[in-house]
Amino acid sequence: MTDLSHPIFARLYPRLDAQCAKSGGDAHRAELLAGASGRVLEVGAGYGANFAHYPPEVTEVVAVEPEPRLRAKAGHAAGRAPVPVTVRPGVAEDLDLDDASFDVAVASLVLCSVRDPVRALAEIRRVLKPGGELRYYEHVRGSTPGKVRFQRCVDVVWPFLAAGCHVTRPTGEWIARSGFAVRDERHFEFPESGGANPASPHVLGIAIRD
């Protein structure tokens with residue numbers, strides 16, 4: 001299956017993300033991609049919010065997106081990108097791509113919603129060259145017992161409202177156990193006053209495929 005249709009979410013998400021961009025999300029995306037080079041795979045590209053931030057050292061981006069409405073928007077964004085971007089259907093858990101064919105993989109606010117994140121990470125590792133980078137920017141499980149309890153309660157309904165997104169996933173831990181060596185990683189709250197926001201704990205990092 002290469003298409004996962006979420007029509008309501010696909011209409012709302014670009015508007016919501018635009019507000020996040022003004023509050024600092026764009027700076028996080030720029031930080032995520034700074035220094036990237038070579039051939040890049042982006043999984044769950046959404047509507048193409050990352051495309052404008054790819055540096056000129058990137059020779060090609062292959063962007064995979066399963067939601068057809070978001071993919072169409074990403075196609076338009078690809079035409080304005082500073083580097084060559086190809087947008088194609090697909091899911092992170094089953095990438096129709098050759099082994100060891102990418103220098104960098106990018107996962108940006110997507111591992112929260114894939115159906116099988118461990119399998120997705122295994123697929124990302126497969127298509128990365130040895131020594132290749134996984135660059136990730138995700139919201140994750142909180143670091144305090146109170147926050148985690150709150151997230152677990154919210155997670156009963158959150159996936160139904162947000163296209164399968166979960167707020168309780170320990171994504172950073174899964175990356176470290178999936179054949180990657182974490183090189184840089186920082187945890188932060190976004191927005192900073194995010195106590196009432198179950199998706200406020202974030203991680204941004206670079207891990208190297210062994």
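Note that the numbering runs from 1 along the sequence shown for the chain.
To the nearest 0.5 angstrom, Gln151 atom CD is 12.5 Å from Arg169 atom CZ. Here the OH atom belonging to Tyr136 is positioned 10.0 Å from the OG1 atom belonging to Thr171, to the nearest 0.5 angstrom. Here the straight-line distance linking atom SG of Cys165 with atom NE2 of His6 works out to 11.0 Å at 0.5 Å rounding. Atom CG in Leu121 sits 13.5 Å away from atom CZ in Arg126 (nearest 0.5 Å). Atoms CG and OH, from Leu32 and Tyr137 in turn, are 9.0 Å apart once rounded to the nearest 0.5 Å. Distance check, rounded to the nearest 0.5 Å: OG1 of Thr144 to CZ of Arg149 gives 8.0 Å.
Residue pairs that meet the salt bridge (charged side-chain N to carboxylate O under 4.0 Å, His left out) test with at least one member in residues 39-57, sequence neighbours left out, are Arg39-Glu60. The list of salt bridge (charged side-chain N to carboxylate O under 4.0 Å, His left out) pairs with a residue in residues 201-210, not counting sequence neighbours, reads Arg125-Asp210.
Remark: side-chain polar atoms of Glu138 are paired, donor with acceptor, to backbone N or O of Val110 under 3.5 angstrom. Using a distance-only test at 3.5 Å, with no hydrogens or angles considered, a donor-acceptor pair links the side chain of Glu93 to the main chain of Arg115. Using a distance-only test at 3.5 Å, with no hydrogens or angles considered, no donor-acceptor pair links the side chain of Thr86 to the main chain of Val62.
With contacts defined as side-chain heavy-atom distances shorter than 4.5 Å, the pair Pro201/Glu189 qualifies. Side-chain contact between Val203 and Ile175 is absent, with no heavy atoms from C-beta onward closer than 4.5 Å. Inter-residue side-chain proximity for Glu133 and Asp103 is flagged as unmet; no heavy-atom pair is nearer than 4.5 Å. Put simply, the side chain of Val61 does not reach to within 4.5 Å of the side chain of Asn50, judged on heavy atoms. Put simply, the side chain of Phe180 reaches to within 4.5 Å of the side chain of Ile124, judged on heavy atoms. Side-chain atoms of Pro191 and Asn197, non-hydrogen and from C-beta on, do get closer than 4.5 Å to each other.
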For salt bridge (Lys or Arg N to Asp or Glu O under 4.0 Å), just list the numbers for Arg141 and Glu173, CA-CA rounded to whole Å, side-chain angles, deciding distance to a tenth of an Å, and then say yes or no. CA-CA 10 Å; Arg141 187 173 64 191; Glu173 297 175 20; 3.3 Å; yes

Using side-chain contact (heavy atoms from CB on, under 4.5 Å), reason through Val114 and Val91 one step at a time and then give a plain yes or no. CA-CA 8 Å; Val114 297; Val91 294; over 6 Å; no

Does the side-chain contact (heavy atoms from CB on, under 4.5 Å) test come out yes or no for Leu97 and Arg88, once each step is laid out? CA-CA 11 Å; Leu97 298 165; Arg88 57 188 290 178; 3.3 Å; yes

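Relative ring orientation between His202 and His28 is described as tilted, the plane-to-plane angle lying within the 30° to 60° band.
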Enumerate, atom names and distances included, each donor-acceptor pair closer than 3.5 Å involving a side-chain atom of residues 10-21, sequence neighbours excluded.
unit_1	atom_1	unit_2	atom_2	d
Asp17	OD1	Arg29	NH2	3.2
Asp17	OD2	Arg29	NH2	3.2
Asp17	OD2	Tyr47	OH	2.5

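In terms of heavy atoms, Ala74 sits closest to Phe51 at O-CE1, 3.3 Å. Nearest approach of Cys112 to His139, heavy atoms of both residues: SG-NE2, 3.5 Å. Scanning all heavy atoms of the two residues, the minimum distance from Glu65 to Arg71 falls at O-NH1, 2.9 Å. Across all non-hydrogen atoms, the minimal contact from Phe9 to Leu70 is CE2-CD1, 4.4 Å. Between Ala199 and Val167, the shortest heavy-atom contact is CB-CG1, 4.1 Å. Scanning all heavy atoms of the two residues, the minimum distance from Lys147 to Gly142 falls at CG-CA, 4.0 Å.
Counting side-chain heavy-atom gaps under 4.5 Å among Ile, Leu, Val, Met, Phe, Trp and Tyr, the cluster of Ile206 also holds Ile208. Think of Val157 as one node in a network of Ile, Leu, Val, Met, Phe, Trp and Tyr side chains linked at under 4.5 Å; its network also takes in Val156.
The number of heavy-atom neighbours closer than 6.0 Å to CG of Asp98, taken from other residues, nucleotides and ligands shown, is 12 or below. Atom CZ of Arg177 is surrounded by more than 12 heavy atoms from other residues, nucleotides or ligands within 6.0 Å. Within 6.0 Å of CG in Asp96 there are 12 or fewer heavy atoms belonging to other residues, nucleotides or ligands.
With hydrophobic clusters built from ILVMFWY side chains whose heavy atoms lie under 4.5 angstrom apart, Leu111 shares a cluster with Leu128. Tracing side-chain contacts under 4.5 Å through hydrophobic residues (I, L, V, M, F, W, Y), one reaches Phe102 starting from Leu95; they form part of the same cluster. Cluster membership check: Leu33 does not share its hydrophobic cluster with Val43, using side-chain heavy-atom separations under 4.5 Å among Ile, Leu, Val, Met, Phe, Trp and Tyr. Under the 4.5 Å side-chain heavy-atom criterion for grouping Ile, Leu, Val, Met, Phe, Trp and Tyr, Leu109 is connected to Val106 within one hydrophobic cluster. Cluster membership for Val154 and Val148, using ILVMFWY side-chain heavy atoms within less than 4.5 angstrom, is not shared.
When the side chain to side chain donor-acceptor pair (under 3.5 Å) test is applied to Arg119, no partner is found at least two apart in sequence or on another chain.
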